[in-house]
Amino acid sequence: MAERRRMSYSVHREVLDEEAMDEMGQKSVSKTSLREKVKKSVRCSGHQMKSCLLGTVPILSWLPRYPIRENALGDLISGISVGIMQLPQGMAYALLASVPPVFGLYSSFYPVLIYFIFGTSKHISVGTYAVMSVMIGGVTERLAPDSKFMTWDNVTNTSIIDTVARDDERVRVAAAVTFVSGLFQILLGLVQFGFVVTYLSEPLVRGYTTGAAIHVIVSQLKYTFGVNPVRHNGPLSLIYTVLEICYLLPQSNIGTLVTSVITILGLIAAKELNAFLGKKIPVPIPVELIAIVIATVISWQFNLQQEYGVDVVGVIPSGLQPPVFPDTSVFGQVIGDGFALSVVGYGIAISLGRIFALKYGYKVDSNQELVALGLSNSIGGIFQCFTVSCSMSRTMVQESAGGKTQVAGALSAVVILFITLWIGSLFEDLPKAVLAAIIHVNLHSMMKQFLDIPALWKTNRVDMLVWVATFILTLLLNPDIGLAASIGFSLLTVIFRTQLPKYSMLGQVPETDIYKPLDEYHQVRRVPGILIFRSSATLYFANAEMYQEALNSKSGFDITKLLSAKKKLEAKKQRHEKKEAKRVKKELKKNGVDVNRELNMEEQNHVSVIEVDAERDPSLPRAIVLDLGPVNFLDTVGVKTLRSIRRDYGEIGVEVFLAGCQSGVVDNLQTAGFFNDKVTKSCLFTTVHDAVLYCQSAIVQSQSMEYKETAATHF
C-alpha cells in the first residue's frame with residue numbers, strides 16, 4: 001500500500017460555545033409531539049398500504065419477479081439436497097424432542113412452507129434444529145414423564161410404560177409450547193422488538209449453542225448404549241444424568257452399542273470423504289440418507305429388534321395429521337419455556353440470515369423474521385409440529401448446492417411431503433441408535449467452537465469470559481434457565497465496563513487542536529493553568545461517584561480538604577468579627593455613646609477583618625475542562641454530579657467548563673435544570689480546543705488585572 005501523503009488544513013473562526021453554535025447553525029427547536037407521531041403512524045395512504053402488504057407478505061414482492069432461467073436449476077438441486085437431509089435430521093431431532101420420529105417430518109414440512117411465504121432470508125434452511133429440539137425435550141419430559149404412564153402388566157407381574165399414551169401426551173405438550181413460542185415471536189415482531197437480538201452477542205450465542213450441544217449429546221447416550229436412565233429435571237440435571245448413565249454402563253445392550261459405533265465411524269469416514277471431494281462434486285453425498293437406508297435394510301433383514309434387543313423407530317403412520325388446536329390448559333406451564341424458545345430460535349436464525357444477506361448484498365428485515373418464524377411455529381403447533389429454527393449444516397448445503405431464493409426451501413418441503421405420504425413407513429425398522437449416531441456426528445462442528453476460547457483470549461478477554469460463563473451456566477442450569485442467566489451475565493459485563501471506564505488527563509499535541517491522554521503520548525503537553533479531564537464511558541448513576549473521585553484524584557489536589565479549610569477559615573472570620581463587635585460595643589457603651597446609632601460606623605473603624613482568599617493558591621489550576629465527547633446521555637444523577645463539580649471547584653476559584661457535548665446531552669442538561677441565571681450555555685463549548693482557547697484568553701485577562709492591582713497597591 002502506498003504511503004499516505006500528509007495533508008494540512010487551516011481554519012480561521014471564532015471560539016464557539018453552545019449559545020454561539022445554536023445561533024450560527026440555527027438550531028431547530030421544534031419537536032414532534034407524541035400526538036403528531038401517533039397521528040402519522042396511523043395515517044394510511046395507498047402507497048403505505050401497498051408497502052405494508054408487501055412487507056408483511058414478502059413473497060408477493062419477489063415471486064412475480066422470480067428469474068426462472070437464472071435461479072430455477074440451482075434452487076431445484078438445492079431443494080432436493082436439503083429435503084434429503086431433512087429426512088434423517090427430522091427423525092433424529094424428534095428423538096431429542098421426545099416425540100415419535102414422524103413428527104420430525106411434520107416439523108420439516110409445515111413451518112418451511114410458512115417461512116417460504118413470510119420470510120425475508122433467501123438462504124437459511126428453516127426446520128428442525130438440535131438445540132431447539134433438546135429444549136422441547138426438556139419440557140415434554142418434565143410435563144409428561146415416564147412415571148406418569150406406568151401400568152401393571154398382569155402377565156409379567158411388572159410395571160411397564162404405556163408408550164402410546166405417553167407419546168400422545170408429549171406431542172400435545174410439544175405442540176402447546178411451540179404454539180406459545182410462535183405467539184411470542186409474532187407479538188415481538190409486531191411491536192418492532194427485533195432489536196432484542198442485539199442482547200445475544202456472538203460469544204454468547206456460540207457459548208450457548210456449545211453448551212446446548214453437550215446437553216444434546218448426553219440426551220442421546222441412552223440410545224447409543226441401549227440403557228434407560230431416569231429423567232432428571234432442573235439445575236444440575238445434566239450431571240445427574242451423566243452419573244446415572246455411567247452407573248448403567250454395565251447393562252448396555254451390546255447390539256445397540258455395536259450399531260452405534262459402526263454408524264458413527266462410517267459417518268465420520270463418509271463426511272471426511274465429502275470434505276475431500278467438496279470441490280470436485282456439485283452436491284455433497286447424502287451420507288445420512290445412505291446410512292439410514294442401509295441401517296433399515298440390515299435391521300429388517302437380521303431382525304435386530306427381536307434377536308438383539310435393538311430399539312427401533314416403530315410405527316410411522318402414512319399421510320398428514322389433521323389440524324388440532326393446542327391444549328390451552330398447558331399454556332400456563334410452558335410460558336417461560338415458550339419465551340426462551342422464541343428468543344433462542346430467533347437469535348440463531350437472524351444471526352445466520354444476516355451473514356448470508358451481507359455476503360450476497362440484500363437486506364433481512366429483523367422484525368419480519370420474527371413474524372415469519374412466529375407464524376411458522378404457531379401454525380406448526382396447530383399441525384403437531386415442534387419448534388423450528390435455522391440449521392447451520394442444512395443452510396450451508398442449500399447455499400453450496402446453488403440455492404439462491406426461498407424456492408429451495410419450498411422444494412425441500414415437497415420432498416418431505418413425498419416421503420411422508422408414500423415411503424415413510426419403510427423406515428419403521430430403523431434403529432434409534434443410528435439416529436443418535438447421526439446427531440453425534442452432526443454436532444462435531446459445534447464442538448469446534450471450543451477453539452473460540454484461545455482466539456478470544458488473544459482478542460478480547462471479556463468476550464472470552466462471556467463465552468465460558470454462558471457455556472458453564474447452560475451446562476449447569478439447562479438451556480432455558482441458562483439462557484436467561486447468560487444474558488444477565490452478559491449485560492453485567494457491559495455495566496461493569498461502564499462503571500470502570502478509563503479516566504484520563506488530556507494534553508495538547510504541539511501546534512494542533514488535538515488533545516490526547518498525557519500518560520499515553522510522550523509528545524503531548526499539558527496546557528498551563530488548565531486541566532482537561534475525560535472519561536471513556538457515559539456518565540450516569542452507576543459511575544457518577546467514581547467520575548467525581550477520579551477527577552479529584554487526577555487533578556492532583558484534594559478538593560474536599562480545600563473546601564474544609566475554606567469553611568474553617570470563614571468560621572474563624574465570623575467568630576473573630578463577633579468578638580470584635582462585642583468589644584467595640586462595650587467600649588462605646590462605656591464612653592456613653594449611643595450604641596445603636598454609632599455601631600456600624602465604629603465597627604468599620606475598629607473591627608479587624610480576616611481576609612478570605614486574599615491571595616490565590618498558585619498551585620491550583622485556573623480552569624478545568626470536562627471533555628464530554630464520549631458521553632451519549634446524562635441521567636439526573638449525572639447532571640447533579642456536573643452541577644456539584646462546578647459548585648465545589650468554583651468555591652476555590654477554579655472555573656469548570658464542559659466541551660464536546662452531543663445535542664442529546666445538552667437537552668438532558670436543559671431538561672434537568674442545569675442552566676439558570678448564573679449558569680448558561682456559555683460554559684459549554686463545541687470542542688475541547690474552543691474551551692482551551694477561551695480559558696487561555698480569560699487567564700491572560702485575569703493575570704493582567706492582578707498585575708494592575710498589584711502595581712496600584714505599590715504606588
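Just so we're clear, the structure is a prediction, and the values are computed from it rather than from any experiment. Index from 1, following the sequence.
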Which distance, rounded to the nearest 0.5 Å, do you find between the [atom1] of [X] and the [atom2] of [Y]?
X    : Y    : atom1 : atom2 : result
T56  : I117 : OG1   : CD1   : 13.5 Å
L491 : T493 : CG    : OG1   : 7.5 Å
I292 : T263 : CD1   : OG1   : 11.5 Å
I453 : L465 : CD1   : CG    : 11.0 Å
M132 : T387 : CE    : OG1   : 5.5 Å
W62  : Q406 : CH2   : CD    : 4.5 Å

Heavy-atom pair with the smallest gap, counting every atom of [X] and [Y]:
X    : Y    : value
A295 : L430 : CB-CD1, 4.0 Å
L435 : P88  : CD2-O, 4.0 Å
S486 : T474 : OG-OG1, 4.1 Å
V388 : S107 : CG1-O, 3.5 Å
V434 : A291 : CG1-O, 4.5 Å
M447 : T210 : CE-O, 4.2 Å

Taking [X] for the side chain and [Y] for the main chain, is one N or O donor matched with an acceptor at less than 3.5 Å?
X    : Y    : answer
S98  : T140 : no
E369 : T120 : yes
S412 : G409 : yes
R354 : V364 : no
T178 : N377 : no
S181 : S342 : no
N442 : I438 : yes
Q449 : R206 : yes
S125 : T395 : no
N478 : I481 : no

* For the pair T459 and M464, evaluate side-chain contact (heavy atoms from CB on, under 4.5 Å) and give the outcome as yes or no after the intermediate values. => CA-CA 9 Å; T459 56; M464 187 212 69; over 6 Å; no
* Asked: More than 12 heavy atoms of other residues, nucleotides or ligands under 6.0 Å from CZ of F325: is that the case?
  -> yes
* Asked: Does a sphere of radius 6.0 Å around CD1 in I68 hold more than 12 heavy atoms from other residues, nucleotides or ligands, not counting ones at 6.0 Å or beyond?
  -> no
Hey, does [Y] have a side-chain heavy atom less than 4.5 Å from the side chain of [X]?
X    : Y    : value
L96  : I136 : no
I124 : Q398 : no
V131 : M135 : yes
E169 : R172 : yes
Q185 : V371 : no
F427 : V313 : no
L87  : L289 : yes
F118 : S376 : no

Would you tabulate the side-chain donor-acceptor contacts of residues 327-337 under 3.5 Å, counting partners in other chains and residues two or more places apart, or write 'none'?
residue	atom	partner	partner atom	Å
D327	OD1	S329	N	3.2
D327	OD1	S329	OG	2.7
D327	OD2	S329	OG	3.0
D337	OD2	R142	NH2	2.9

* To do: Examine the side chains of N71 and T405 and answer whether a donor and an acceptor come within less than 3.5 Å of each other.
  => no
* Asked: Taking only residues two or more places apart in sequence or in another chain, which ones pass salt bridge (charged side-chain N to carboxylate O under 4.0 Å, His left out) with E141?
  -> K222, R231
* Of all residues at least two apart in sequence or in a different chain, which pass the salt bridge (charged side-chain N to carboxylate O under 4.0 Å, His left out) check with K432? -> D311
* Which pairs pass ring-ring contact (aromatic ring centres under 6.0 Å, His included) with one or both residues in residues 71-93, sequence neighbours excluded? -> none
* What do you reckon, are the aromatic ring centroids of F109 and Y106 less than 6.0 Å apart? -> no
* To do: Might you work through the side-chain contact (heavy atoms from CB on, under 4.5 Å) test for K271 and E288, ending with a clear yes or no?
  => CA-CA 9 Å; K271 284 187 175 290; E288 290 94 348; 3.0 Å; yes
* Just jot down the ring pair (Phe, Tyr, Trp, His ring centres under 6.0 Å) partners of Y66, sequence neighbours excluded, or say none. => none
* To do: Evaluate side-chain contact (heavy atoms from CB on, under 4.5 Å) for L352 paired with I348, printing each intermediate quantity in order.
  => CA-CA 6 Å; L352 200 56; I348 293 169; 5.7 Å; no
* Residues in side-chain hydrogen bond (donor to acceptor under 3.5 Å, both in side chains) with S133, at least two apart? -> none
* Asked: Would you call E399-K404 a salt bridge at under 4.0 Å N-O?
  -> no
Which word best sums up how the rings of [X] and [Y] line up, parallel for under 30°, tilted for 30 to 60°, or perpendicular for over 60°?
X    : Y    : answer
F184 : F339 : perpendicular
W467 : F471 : parallel
H123 : Y362 : parallel

* Candidate pair L426 and T296, rule side-chain contact (heavy atoms from CB on, under 4.5 Å), full reasoning -> CA-CA 8 Å; L426 298 178; T296 302; 5.9 Å; no
* Asked: Is it the case that K122 places NZ or CZ above or below the six-membered ring of F356, under 6.0 angstrom from the centre and within 45 degrees of the axis?
  -> no
